[in-house]
A.B. asks: 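Dropping a structure here in structure tokens format, bear with me for questions.
For this chain, numbers begin at 1 and follow the sequence in order.
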Amino acid sequence: MSFWMDSLAASGEDPLVPRPALEGDLAADVCIVGGGLTGLWTAHYLLTARPDLRIAIVEKEIAGFGASGRNGGWCSALFPRSTASLERLHGRTAALAMRRAMIDTVDEVGRVAAQLGIDCSYRKGGTLAYIRSPAQRESAEAEVAEVRRFGVDPLELLGPEAVGAAGADGAVFDPNCARIQPARLVRGLAASLVARGVRLFERTPALQVLPSQVVTPGGTVRADTVVLALEGYTPTLAPYRRRLLPLYSLMIATEPLPDEVWDAIGLSHGQTFTDYRHLLVYGQRTADNRFAFGGRGARYHWGSRIRDEYDRVPRVFEHLRRTLADLFPVTADVAVTHRWGGPLAVPRDWHASVWHDPRTGIASAGGYVGDGLSTTNLAGRTLAELITGDRTELSALPWVGHVSPRWEPEPLRFAGANAGLLAMGAADVEERLTRRSSIAARLMAPLVGG
């Protein structure tokens with residue numbers, strides 16, 4: 001169980017008891033498959049636009065079981081593909097519209113959470129991306145120059161006096177990120193929807209998703225619109241096995257640290273942090289003064305299999321522990337209280353998408369590549385527009401209707417995905433040894449949304 005979910009259960013705020021499963025057939029206007037943030041935000045905005053809609057949600061475990069309750073707690077404006085990459089694909093106007101929408105979404109999440117009375121520890125403190133080598137400085141300066149060309153993001157290049165990470169001679173500060181306790185957000189959103197009449201069936205896996213119907217072990221939901229909102233679990237449905245690749249990201253949480261330690265570290269409440277390495281790491285200062293810290297490195301599993309035991313990889317947990325102590329030596333002897341992980345969804349072209357087929361009534365969103373805590377909100381708003389027909393500028397964003405190529409069949413998928421992970425780790429080693437930007441990373445950039 002993630003630290004986020006465990007803290008709810010341990011405090012008595014939420015016992016995490018599953019709601020009743022579906023028993024018997026049911027008629028609805030909209031049936032959503034998946035009780036994570038994509039599905040819940042979609043239901044919220046559908047009800048906001050059409051309070052009389054009959055909405056049913058079927059969830060295999062409990063609301064927030066997947067990435068929505070396990071992530072790093074970054075409500076950021078990050079999108080899997082950069083603005084420059086979106087410009088090459090869709091043109092400058094569309095790329096800027098997407099970027100502005102993502103920036104606005106960070107504030108929208110906080111606004112709606114407050115409106116619904118969900119105390120998810122939302123605090124918009126921005127992100128510090130530490131610069132810890134000449135190669136990382138080159139990457140940082142290139143990012144700032146590119147962003148300034150678009151004139152949307154107010155990134156700020158900070159000097160060494162403003163950062164507290166070991167070995168850092170500066171950082172890039174992005175104000176477009178809020179710290180969140182994600183389990184409180186997803187569980188609070190689920191409770192608010194049930195209170196408004198949404199039928200949420202937990203421990204109810206979808207066996208088949210068809211036009212106008214979702215088949216479960218306990219009965220079939222018939223609906224005009226079916227929304228597929230499974231993100232990393234999408235490959236568990238046979239017809240969608242090669243649409244998204246489940247890639248694992250793992251996290252640790254430490255015991256709480258005294259305020260004076262945080263003052264020395266230089267991270268204030270609400271701030272998140274990372275650096276410019278290629279094998280991604282991410283962290284935050286939690287509301288109760290812990291480090292919540294995560295990163296990639298766990299391998300992809302043959303056939304897009306997802307199993308509970310894949311959430312726990314001792315060598316990756318140890319790597320995260322060493323990396324945190326390398327960034328902040330004061331944590332070397334701090335106890336790690338929680339270890340967890342889970343799958344996120346990666347499209348073949350690293351391009352998240354939202355789509356709705358009026359002919360079949362099937363809608364979907366996903367492929368966030370770990371940037372889903374805010375992107376799910378934008379997806380929910382957009383899906384609600386596509387389903388109701390109440391179009392705004394959101395319906396014209398470039399991710400609407402985007403179709404990513406399917407992933408290759410095995411063994412190519414297994415070899416390619418794991419080779420990519422090895423290449424990113426090798427790129428970091430290359431940069432430490434040569435003190436220059438990695439050739440391997442440049443070669444991999446087109447394959448990872450660069």
Side-chain angles (χ1 to χ4, degrees), residues 71-87 95-115 120-132 136-137 139-165 168-182 185 262-263 265-277 280-287 289 291-294 327-328 352 368-378 381 397:
N71 60 72
W74 285 37
C75 184
S76 77
L78 295 173
F79 190 77
R81 298 200 71 127
S82 68
T83 306
S85 173
L86 292 175
E87 181 186 35
L96 288 176
M98 191 74 218
R99 186 61 189 157
R100 291 189 181 102
M102 287 301 306
I103 291 171
D104 291 344
T105 296
V106 177
D107 293 326
E108 171 72 0
V109 171
R111 186 190 68 79
V112 177
Q115 180 187 63
C120 60
S121 303
Y122 179 99
R123 184 174 293 192
K124 190 178 178 184
T127 298
L128 284 167
Y130 298 119
I131 300 167
R132 304 182 72 232
Q136 289 192 13
R137 175 161 291 280
S139 298
E141 291 176 347
E143 179 187 34
V144 171
E146 178 182 284
V147 164
R148 287 176 178 169
R149 179 170 68 86
F150 290 104
V152 177
D153 293 80
L155 293 191
E156 184 180 358
L157 191 58
L158 305 178
E161 71 284 350
V163 298
D169 67 348
V172 173
F173 178 69
D174 181 355
N176 296 308
C177 186
R179 182 271 323 270
I180 277 183
Q181 208 285 32
L185 177 63
W262 286 107
D263 292 341
I265 289 171
L267 277 172
S268 61
H269 274 298
Q271 284 191 325
T272 58
F273 66 91
T274 183
D275 65 14
Y276 282 90
R277 74 187 68 208
L280 179 70
V281 295
Y282 50 91
Q284 66 149 282
R285 175 183 179 176
T286 67
N289 274 353
F291 271 107
F293 185 67
L327 282 166
F328 306 106
Y368 310 124
V369 197
D371 295 325
L373 190 50
S374 51
T375 316
T376 49
N377 175 276
L378 182 59
R381 282 186 281 153
L397 290 173

A.B. asks: Quick check: does any side chain N or O of Trp74 sit under 3.5 Å from a backbone N or O of Gly283, one acting as donor and the other as acceptor?
C.D. replies: yes
A.B. asks: Test of understanding: with ring pair (Phe, Tyr, Trp, His ring centres under 6.0 Å), list the residues that count as partners of Phe273, not counting sequence neighbours.
C.D. replies: Phe291, Phe293, Phe328
A.B. asks: In the structure I gave you, are the side-chain heavy atoms of Asp275 and Val281 within less than 4.5 Å of one another anywhere?
C.D. replies: yes
A.B. asks: Only counting residues at least two apart or in another chain, list the ones meeting side-chain hydrogen bond (donor to acceptor under 3.5 Å, both in side chains) with Arg148.
C.D. replies: none
A.B. asks: I'd like to know if the side chain of Arg99 and the backbone of Thr83 have a donor-acceptor N/O pair within less than 3.5 Å.
C.D. replies: no
A.B. asks: Determine whether Pro182 and Leu373 make a side-chain contact, defined as any pair of heavy atoms from C-beta on separated by less than 4.5 Å.
C.D. replies: yes
A.B. asks: Is any side-chain heavy atom of Trp262 closer than 4.5 Å to a side-chain heavy atom of Gln271?
C.D. replies: no
A.B. asks: Please enumerate all residues that pass salt bridge (charged side-chain N to carboxylate O under 4.0 Å, His left out) together with Arg381, with sequence neighbours excluded.
C.D. replies: none
A.B. asks: Within the distance-only criterion (no hydrogens, no angle test), does the side chain of Ser374 pair as donor or acceptor with the backbone N or O of Ser76 below 3.5 angstrom?
C.D. replies: yes
A.B. asks: What pairs with Asp169 under salt bridge (charged side-chain N to carboxylate O under 4.0 Å, His left out), at least two apart in sequence or on another chain?
C.D. replies: Arg137
A.B. asks: Restricting to side chain to side chain contact (heavy atoms under 4.5 Å, CB included), what partner residues turn up for Ala168, sequence neighbours left out?
C.D. replies: Tyr130, Arg132, Val163, Ala165
A.B. asks: As an exercise, state the distance from CZ of Phe173 to OG1 of Thr127, rounded to the nearest 0.5 Å.
C.D. replies: 7.5 Å
A.B. asks: Please list, chain by chain and in numerical order, all residues satisfying side chain to side chain contact (heavy atoms under 4.5 Å, CB included) with Ala84, sequence neighbours excluded.
C.D. replies: Ser82, Arg88, Glu146, Arg149, Phe150
A.B. asks: Go through the structure and list residues passing side chain to side chain contact (heavy atoms under 4.5 Å, CB included) with Ala113, not counting sequence neighbours.
C.D. replies: Ile118, Cys120, Leu185
A.B. asks: How many angstroms lie between CD in Gln284 and OG1 in Thr272, if you round to the nearest 0.5 Å?
C.D. replies: 8.0 Å
A.B. asks: List the atom of Thr286, the atom of His269, and the distance in Å for their closest heavy-atom pair.
C.D. replies: O-CE1, 3.4 Å
A.B. asks: Using the salt bridge (charged side-chain N to carboxylate O under 4.0 Å, His left out) criterion, which residues pair with Asp107? Sequence neighbours excluded.
C.D. replies: Lys124
A.B. asks: Where do Glu141 and Leu157 come nearest, in terms of heavy atoms and distance?
C.D. replies: CG-CD2, 4.3 Å
A.B. asks: Counting C-beta onward and ignoring hydrogens, is there a side-chain heavy-atom pair between Leu397 and Met102 closer than 4.5 Å?
C.D. replies: no
A.B. asks: Tell me every residue that passes side-chain hydrogen bond (donor to acceptor under 3.5 Å, both in side chains) with Gln181, counting only those two or more places apart in sequence or in another chain.
C.D. replies: Ser7
A.B. asks: Using every non-hydrogen atom in the two residues, find where Val106 and Ala178 come nearest and quote the distance to one decimal.
C.D. replies: CG1-N, 4.2 Å
A.B. asks: Only counting residues at least two apart or in another chain, list the ones meeting side-chain hydrogen bond (donor to acceptor under 3.5 Å, both in side chains) with Tyr368.
C.D. replies: Thr38
A.B. asks: Would you check if the side chain of Asp174 reaches a backbone N or O of Asn176 as a donor-acceptor pair within less than 3.5 Å?
C.D. replies: yes
A.B. asks: Asp371: what forms a side-chain hydrogen bond (donor to acceptor under 3.5 Å, both in side chains) with it, not counting sequence neighbours?
C.D. replies: none
A.B. asks: First locate atom SG of Cys177, then atom CG of Leu128, and finally report the distance between them rounded to the nearest 0.5 Å.
C.D. replies: 10.5 Å
A.B. asks: Apply salt bridge (charged side-chain N to carboxylate O under 4.0 Å, His left out) to Arg111 and list each qualifying residue two or more places apart in sequence or on a separate chain.
C.D. replies: Glu108
A.B. asks: Minimum heavy-atom separation for Val172 to Ala140, with atom names?
C.D. replies: CG2-CB, 3.8 Å
A.B. asks: Strictly distance-based, threshold 3.5 Å: is any side-chain N or O of Arg179 a donor or acceptor partner for the main-chain N or O of Gly125?
C.D. replies: no
